[in-house]
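Have a look at the structure below before the remarks.
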Amino acid sequence: LVAAMVGLGLNAGKTADDFNTLSKQTGLSTDSLQKMQYASDLVDVSLDTITGAVTRMKKNMAGSGEAFDKLGVSVTDSSGHMRDAESVFYDTIKALSEIPNETERDQLAMEIFGKSADELAGIIDDGGEALRAYGEEAEQLGLIMSGETLDALNKTNDAVDKSKAQLKAAAGELGATILTGLAPVIDKLAGFVQKLTGWLQQLTPEQTNTIITIGLVVAAIAPLLSILGTLATAIGTIMTLAPLFATAFTIMTGPVGIV
């Protein structure tokens, strides 16, 4: 139970770290990412596909913006500042769904979202309505962790990562110490092997074959010797108990036993 709880905590920390990282990469809030994660399984489009598409879109927002202009989607606000990625994403999905020519729609989607465009078809078809709806459902079900909770989990995850790094370094130092201590033993063993090899090389083929034969015989009879040892132990036990069995038999067959 304790191991399961620790595992649950570590997984939560890893998830929080992943959401914070994705938020920085995509410009999407951690709330939006959690909603999209919940919705992704229900719309059959992975979160990786969605975030990959948003990341590519975000880069294109800083470019010429021709594809966005064709869709009538503005990437800047009235002050000339870049709009947030989530708003532009949903506006773009909605605009693409309204293009009747499928070829033109696919081409514009490819220009904006890159290779993820094909996999976004299930979201584009309904203008992102299902993705939004399932995201709101996740919020209603209380599945969205607050920013404060994610930050706390992220700090814990960072602390765990540091501890792992320290343990790894300590293990490396311990291994080095042990290896240093074993170095003389290894040197002696290497020297022995060298001498043994030299000795074997000096033997005649007949002597080598004899040694190999003896080794094979020993290997073959080793299991038999083990069995014989077990039998000897069992026989010894029986011999120890034999007087007790004799006494019991005498009592059972004597006058008192008959009564």
Side-chain angles (χ1 to χ4, degrees), residues 12 14-151 154:
K14 179 66 168 58
T15 299
D17 187 60
D18 290 343
F19 278 134
N20 283 324
T21 300
L22 279 174
S23 180
K24 293 174 183 177
Q25 292 174 344
T26 62
L28 298 172
S29 68
T30 53
D31 282 5
S32 295
L33 286 168
Q34 291 178 81
K35 291 177 182 179
M36 288 178 176
Q37 182 186 50
Y38 173 79
S40 63
D41 289 334
L42 300 171
V43 297
D44 295 325
V45 180
S46 72
L47 181 62
D48 285 344
T49 295
I50 296 173
T51 55
V54 174
T55 301
R56 177 63 182 270
M57 180 201 74
K58 189 179 174 184
K59 291 180 180 179
N60 288 327
M61 286 171 62
S64 63
E66 292 182 8
F68 293 105
D69 291 339
K70 291 178 181 178
L71 291 172
V73 175
S74 176
V75 298
T76 58
D77 58 22
S78 57
S79 302
H81 298 111
M82 282 287 180
R83 297 174 63 205
D84 65 276
E86 182 177 2
S87 297
V88 175
F89 175 72
Y90 278 113
D91 285 353
T92 301
I93 292 294
K94 179 68 174 175
L96 286 169
S97 69
E98 295 173 350
I99 297 178
N101 187 307
E102 186 174 342
T103 301
E104 182 183 355
R105 180 182 66 183
D106 292 345
Q107 183 178 351
L108 287 172
M110 187 69 71
E111 289 180 27
I112 295 172
F113 298 124
K115 63 182 181 181
S116 299
D118 289 339
E119 297 176 53
L120 288 177
I123 295 176
I124 294 175
D125 287 342
D126 70 349
E129 292 301 319
L131 188 66
R132 283 181 182 274
Y134 285 128
E136 292 172 2
E137 182 177 279
E139 189 169 21
Q140 293 169 3
L141 292 172
L143 303 178
I144 309 303
M145 290 185 286
S146 66
E148 292 78 9
T149 299
L150 288 174
D151 287 341
N154 193 48

Atom [atom1] of [X] and atom [atom2] of [Y]: how far apart are they, to the nearest 0.5 Å?
X: Thr51; Y: Leu28; atom1: OG1; atom2: CG; value: 8.0 Å
X: Met61; Y: Arg83; atom1: CE; atom2: CZ; value: 7.5 Å
X: Asp91; Y: Phe89; atom1: CG; atom2: CZ; value: 11.0 Å
X: Asp48; Y: Gln37; atom1: CG; atom2: CD; value: 10.0 Å
X: Asp126; Y: Arg132; atom1: CG; atom2: CZ; value: 11.0 Å

Please find the pair of heavy atoms, one from [X] and one from [Y], that lie closest to each other, and give the distance.
X: Ala95; Y: Leu71; result: CB-O, 3.7 Å
X: Gly128; Y: Ile93; result: N-CG2, 3.4 Å
X: Glu129; Y: Lys94; result: OE2-NZ, 4.4 Å

Positive for side chain to side chain contact (heavy atoms under 4.5 Å, CB included) with Met36, one of Ile123, Val43, Leu22, Leu47: Leu47
side-chain hydrogen bond (donor to acceptor under 3.5 Å, both in side chains) with [X]: which residues, sequence neighbours excluded?
X: Asp84; value: Ser87
X: Thr92; value: none
X: Asn60; value: none

Minimum side-chain heavy-atom gap Asp41-Tyr134 below 4.5 Å: no
Non-hydrogen side-chain atoms of Leu131 and Val45 separated by less than 4.5 Å: no
Under 3.5 Å donor-acceptor pairs involving side-chain atoms of residues 99-121, not counting sequence neighbours:
from, atom 1, to, atom 2, distance (Å)
Asn101, OD1, Thr103, N, 3.0
Asn101, OD1, Glu104, N, 3.0
Glu119, OE1, Thr49, OG1, 2.9

Selection residues 33-87 - residue pairs positive for ring pair (Phe, Tyr, Trp, His ring centres under 6.0 Å), sequence neighbours left out: none
Side-chain donor/acceptor of Ser23 to backbone N/O of Asn20, under 3.5 Å: no
Selection residues 26-35 - residue pairs positive for side-chain hydrogen bond (donor to acceptor under 3.5 Å, both in side chains), sequence neighbours left out: Ser29-Ser32, Ser32-Glu86, Lys35-Glu139
Pair listing, salt bridge (Lys or Arg N to Asp or Glu O under 4.0 Å) test, anchored in residues 62-75, at least two apart: none
